[in-house]
Amino acid sequence: MTYYDLLGLAPEADLEKVGAAYLRLSRELAASGGEDAEVRLKQLKQAFDVLSDPVRRAAYDDGLSGQSNLSFRGELPLQGEIALGGTRRNPVRVLLSIIATLMIVGLVIQVGVMFNTYKRVNEVTLPNATAPAAEKAYLQDFYQTYGIRAASREEADLLLADMRRREAAEREQQNQERQREEQERAQRRFEEESRRLGAQVTAANLYAEEEARRAREEEERRKEAREKAQQDAERMKREAEIARFRSRSSLGSE
């Protein structure tokens, strides 16, 4: 039996469901007042501690994924379960995959270099009578678009590449800032949820302990009442025997 089975949850249950299941089962055990209630409460507490901690839960889930059948010892308090580890990939196959990938990447790079070289050679060797007019039109469009006058097409290309690089850097910085803010919000939500569940768990533990104490006191009162009733019955029996003996003695003396 796994921690999920103990709490009656599916492996994809979120933190709120884990806390709700723990509170419900703790209250039911406290209300039942059985002899093994204290042991079961400890088991539930350990299951909740593991499944409510993301790091410990991830390690526990990894252990479950590497086992075909994970057993649970119900007679003893829960100890940590042993992860057997998952299957390993064939290192030879991994190495061959890496080599094939590198060869494909190298081939693509080589084709790209050859294509660029061929294109540049054609631009240099083939006459182009419209090059000055085309360059002038390009520089005019560049000025109208970006508001920057460039002396040549090469300078315009360099300026455009620099602007794109700065825009990419700004976007990357903005993305990092958004990710950092999202992580901070998620961390704050997790801390608030953990504090709320912690308060509920503490209250549930106190309630369970109080119910267990009341159950013990009630059992002691019932035991004392039974003993007192037995003592009274024995006393009344002795008094009745003494009364019969005295009655017989008084009759005999007459």
Side-chain angles (χ1 to χ4, degrees), residues 1-54 56-57 59-61 63-64 67 69-82 191-254:
M1 181 182 292
T2 64
Y3 288 148
Y4 295 106
D5 295 335
L6 184 63
L7 293 175
L9 296 172
E12 61 271 11
D14 56 13
L15 182 60
E16 185 175 357
K17 291 182 179 179
V18 171
Y22 173 72
L23 293 174
R24 177 176 55 79
L25 293 175
S26 298
R27 290 170 179 171
E28 290 177 359
L29 281 175
S32 64
E35 295 180 358
D36 60 341
E38 201 166 317
V39 175
R40 295 293 304 279
L41 283 172
K42 290 181 179 179
Q43 294 172 353
L44 290 174
K45 180 66 167 59
Q46 185 167 351
F48 173 79
D49 290 342
V50 172
L51 298 183
S52 62
D53 187 333
R56 296 176 64 186
R57 181 173 181 177
Y60 178 76
D61 290 342
L64 288 181
Q67 301 181 57
N69 184 16
L70 185 65
S71 60
F72 167 73
R73 299 179 181 178
E75 293 81 14
L76 298 175
L78 284 172
Q79 310 295 329
E81 280 144 319
I82 302 173
E191 291 175 354
E192 293 173 357
E193 185 68 14
S194 298
R195 285 194 294 268
R196 184 179 66 81
L197 287 176
Q200 292 180 354
V201 168
T202 301
N205 288 337
L206 292 176
Y207 176 79
E209 293 174 358
E210 180 66 19
E211 289 296 321
R213 183 185 63 80
R214 291 178 180 176
R216 289 194 300 270
E217 291 177 354
E218 182 64 22
E219 183 62 25
E220 290 176 358
R221 284 195 295 269
R222 291 176 181 176
K223 183 178 179 181
E224 291 175 357
R226 287 194 299 268
E227 291 176 353
K228 186 175 183 302
Q230 185 177 0
Q231 291 174 358
D232 291 342
E234 292 178 354
R235 181 176 54 79
M236 293 176 65
K237 183 179 179 180
R238 288 195 300 270
E239 290 177 354
E241 291 177 353
I242 293 172
R244 286 197 299 270
F245 177 76
R246 289 176 178 175
S247 176
R248 288 196 299 267
S249 297
S250 62
L251 291 174
S253 62
E254 291 176 359

Original post:
Given E234 and R238, is the side chain to side chain contact (heavy atoms under 4.5 Å, CB included) satisfied, shown in steps?
Top reply: CA-CA 6 Å; E234 292 178 354; R238 288 195 300 270; 3.8 Å; yes
Subject >> Side-chain H-bond candidate by donor/acceptor type, N205 with T202, under 3.5 Å >> reply: no
**OP:** Just do the side chain to side chain contact (heavy atoms under 4.5 Å, CB included) check on D14 and K17 with the steps written out, would you?
**Re:** CA-CA 5 Å; D14 56 13; K17 291 182 179 179; 3.1 Å; yes
Original post:
Given E219 and K223, is the salt bridge (charged side-chain N to carboxylate O under 4.0 Å, His left out) satisfied, shown in steps?
Top reply: CA-CA 6 Å; E219 183 62 25; K223 183 178 179 181; over 6 Å; no
**OP:** Classify the angle between the aromatic ring planes of Y60 and Y4 as parallel (below 30°), tilted (30 to 60°) or perpendicular (above 60°).
**Re:** tilted
Original post:
How far apart are the closest heavy atoms of E12 and R57, and which atoms are they?
Top reply: C-NH2, 4.1 Å
Original post:
Does some side-chain heavy atom of E239 sit less than 4.5 Å from a side-chain heavy atom of I242?
Top reply: no
Original post:
Roughly how far apart are K237 NZ and E241 CD, rounded to 0.5 Å?
Top reply: 6.0 Å
Original post:
CD/Q46 to CG/L51 distance, rounded to the nearest 0.5 angstrom?
Top reply: 10.5 Å
Subject >> Beyond-backbone contact of R24 with E28, side-chain heavy atoms, under 4.5 angstrom >> reply: yes
Original post:
Hey, what do you get for CG (L197) to CZ (F48), rounding to the nearest 0.5 Å?
Top reply: 5.5 Å
**OP:** Using the side-chain contact (heavy atoms from CB on, under 4.5 Å) rule, pick out the option among E211, E209, E210 that qualifies with Y207.
**Re:** E211
Subject >> Spatial distance of atom CG (L25) from atom NZ (K45) [nearest 0.5 Å] >> reply: 14.5 Å
Original post:
Can you tell me how far CG of L29 sits from NZ of K42, rounded to the nearest 0.5 angstrom?
Top reply: 13.5 Å
**OP:** Using a strict 4.0 Å threshold on nitrogen-to-oxygen distance, state whether E220 and R216 make a salt bridge.
**Re:** no
Original post:
Under a 4.0 Å N-O cut-off, is there an ion pair linking K228 with E224?
Top reply: no
**OP:** Identify the two heavy atoms, one from A47 and one from L6, that lie closest to each other, and give their separation to 0.1 Å.
**Re:** CB-CD2, 3.9 Å
Subject >> Contact summary for S26 and A208, nearest pair of heavy atoms >> reply: O-CB, 4.4 Å
Original post:
Taking NZ, NE, NH1 and NH2 as the nitrogens, is one of them in E218 or R214 under 4.0 Å from a carboxylate oxygen of the other?
Top reply: no
**OP:** Mind listing the closest non-hydrogen atom pair of A204 and L23 along with its distance?
**Re:** CB-CD2, 3.2 Å
